[in-house]
Amino acid sequence: MVAAITANPLKLAQITALGADLRLHGQDIEDARLLARELSEAEGAYHVEDSLDLATCEGAATIGPELVRDDPDLDVVLVALAGGALAGGVGYAVHALAPGAEVIGIQPTGAPAMALSWQRRTVVETDRIDTIADGVAGRCPIPEVLDDLLVMDDVLLVGEDAIKAGMRAVYEHAGLVTEPSAALGIAAVMEHPARFTGRRVTTVLCGSNVLPTDFARWVLEP
């Protein structure tokens with residue numbers, strides 16, 4: 001397992017607790033991804049590339065049938081957009097089972113590479129990441145994954161204040177601690193209320209890997 005030295009320490013602790021051989025490299029996920037490819041080739045190991053490996057997409061896609069089963073009349077599904085496995089998998093499943101539903105990917109404005117790539121229908125790489133939503137913070141989309149993401153109906157960008165407000169809303173109204181990436185759908189509703197007014201909206205709260213000190217600073221403190 002390879003991760004950037006700036007990766008969420010809570011996630012790293014959980015990974016090592018499961019017995020993984022963890023190597024830290026580079027300042028962000030793209031640096032770590034390059035080393036992971038080199039190591040897999042040199043050691044003859046199977047390289048699991050999130051979103052490019054079909055199994056990760058199929059696993060994420062199982063969320064789609066659950067959403068449609070619980071609310072057959074849903075109008076919109078908001079999904080955090082990172083490497084593409086979650087958004088692409090859920091998108092295909094929802095469209096297959098609820099053709100009238102709209103599937104929208106959400107990214108932070110501080111890490112917009114995949115959103116820009118989707119909008120322009122070609123890979124757009126960025127040179128920096130500036131967001132607290134580390135779970136969706138990439139710079140270099142994979143071309144093959146972008147082709148699959150054309151299943152999305154739209155992609156929206158949300159700001160850092162909206163992400164924190166989304167985390168706060170989920171905590172105050174549902175009593176749930178979410179990481180920034182998990183609150184992207186709520187942030188989108190808060191930033192674009194007119195677009196979703198009167199519609200049945202579903203989002204995926206996709207994780208709670210956040211340090212208590214960060215959660216307190218972003219959500220609990222005035």
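Numbers here simply count residues along the sequence, with the first being 1. As the structure is a computational prediction, the values presented were derived from the model and not from experiment.
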Subject >> Contact check, side chains of I186 and H173, non-hydrogen atoms, under 4.5 Å >> reply: no
Original post:
Is a side-chain N or O of S51 found less than 3.5 angstrom from the main chain of G83, in a donor-acceptor match?
Top reply: yes
Original post:
Say you draw a straight line from CZ of R195 to CG of D154; how long is it, rounded to the nearest 0.5 Å?
Top reply: 4.5 Å
Subject >> E66 with R69: basic N within carboxylate O range, under 4.0 Å >> reply: no
**OP:** First locate atom CG of D147, then atom CZ of R121, and finally report the distance between them rounded to the nearest 0.5 Å.
**Re:** 10.5 Å
Original post:
Within the distance-only criterion (no hydrogens, no angle test), does the side chain of S117 pair as donor or acceptor with the backbone N or O of V124 below 3.5 angstrom?
Top reply: yes
Original post:
Has F196 got more than 12 heavy atoms of other residues, nucleotides or ligands less than 6.0 Å from its CZ?
Top reply: yes
Original post:
Hey, quick one: are I104 and V201 part of the same hydrophobic cluster, counting side-chain heavy atoms closer than 4.5 Å, chains of contacts allowed?
Top reply: yes
Original post:
Do the side chains of V204 and L67 get nearer than 4.5 Å, heavy atoms only?
Top reply: yes
Subject >> For V136 against Q107, the heavy-atom pair lying closest together >> reply: O-NE2, 3.8 Å
Original post:
Where do E30 and C140 come nearest, in terms of heavy atoms and distance?
Top reply: OE2-N, 2.9 Å
**OP:** Report yes if the side chains of D134 and T6 come closer than 4.5 Å at any heavy-atom pair, otherwise no.
**Re:** no
Original post:
With sequence neighbours left out, which residue pairs that include part of residues 74-92 fulfil the salt bridge (Lys or Arg N to Asp or Glu O under 4.0 Å) condition?
Top reply: none
**OP:** Please check if atom CG in L78 has more than 12 non-hydrogen atoms from other residues, nucleotides or ligands closer than 6.0 Å.
**Re:** yes
Original post:
How about L146 and P141: do any of their side-chain heavy atoms sit closer than 4.5 Å?
Top reply: no
Subject >> Under the salt bridge (charged side-chain N to carboxylate O under 4.0 Å, His left out) test, residues paired with K164 that sit two or more places apart >> reply: none
Original post:
In terms of hydrophobic clustering (I, L, V, M, F, W, Y; side-chain heavy atoms under 4.5 Å; direct or indirect links), are I15 and L35 co-clustered?
Top reply: no
**OP:** Examine V189 and M167 and state if one hydrophobic cluster contains both, with Ile, Leu, Val, Met, Phe, Trp and Tyr joined whenever side-chain heavy atoms are less than 4.5 Å apart.
**Re:** yes
**OP:** Taking all non-hydrogen atoms of both residues into account, name the closest pair between A32 and V2 and its distance.
**Re:** O-CG1, 3.4 Å
Subject >> CZ on R139 to CD1 on I29, rounded to 0.5 Å >> reply: 10.0 Å
**OP:** Report yes if the side chains of Y171 and T178 come closer than 4.5 Å at any heavy-atom pair, otherwise no.
**Re:** no
Original post:
With a cut-off of under 6.0 Å to the ring centre and 45° to the axis, is R120 in cation-pi contact with W118?
Top reply: no
Original post:
If Ile, Leu, Val, Met, Phe, Trp and Tyr residues are connected whenever their side-chain heavy atoms lie under 4.5 Å apart, and connections chain through other members, are V79 and L150 in the same group?
Top reply: yes
Original post:
Which pair of non-hydrogen atoms, one from V151 and one from H95, has the smallest distance, and what is that distance?
Top reply: O-NE2, 3.2 Å
Subject >> Nearest-0.5 Å distance, CZ of residue F215 to CD of residue E221 >> reply: 11.5 Å
Original post:
Which residues satisfy the salt bridge (charged side-chain N to carboxylate O under 4.0 Å, His left out) test with R199, sequence neighbours excluded?
Top reply: E102
**OP:** Taking the side chain as every heavy atom from C-beta outward, state whether I163 and W218 have any atom pair closer than 4.5 Å.
**Re:** no
Original post:
Are the side chain of N8 and the backbone N or O of N209 linked by a donor-acceptor pair below 3.5 Å?
Top reply: yes
Original post:
Should E38 and R23 count as an ion pair when the cut-off is N to O under 4.0 Å?
Top reply: no
Original post:
Looking only at heavy atoms, what is the nearest atom pair of G138 and T126, with distance?
Top reply: O-OG1, 4.3 Å
Original post:
Closest heavy-atom contact between T131 and A137?
Top reply: CG2-CB, 4.1 Å
**OP:** Verify side chain to side chain contact (heavy atoms under 4.5 Å, CB included) between M190 and R168, making sure each step is shown before the conclusion.
**Re:** CA-CA 12 Å; M190 299 178 80; R168 186 176 302 113; over 6 Å; no
Original post:
Should M152 and V90 be regarded as members of a common hydrophobic cluster, given that ILVMFWY residues are connected when their side-chain heavy atoms come within less than 4.5 Å of each other, either directly or indirectly?
Top reply: yes
Original post:
Would a 4.5 Å heavy-atom cut-off, applied to side chains only, mark E49 and E144 as touching?
Top reply: no
Original post:
Between D148 and C57, is a side chain to side chain contact (heavy atoms under 4.5 Å, CB included) present by the stated rule, with each step listed?
Top reply: CA-CA 10 Å; D148 290 335; C57 302; 5.5 Å; no
**OP:** Working to the nearest 0.5 Å, report the span between CG of L184 and CG of L205.
**Re:** 10.5 Å
Original post:
Is any side-chain heavy atom of L81 closer than 4.5 Å to a side-chain heavy atom of L149?
Top reply: yes
Original post:
About how many Å separate CG of L116 and OG1 of T122, when rounded to the nearest 0.5 Å?
Top reply: 11.5 Å
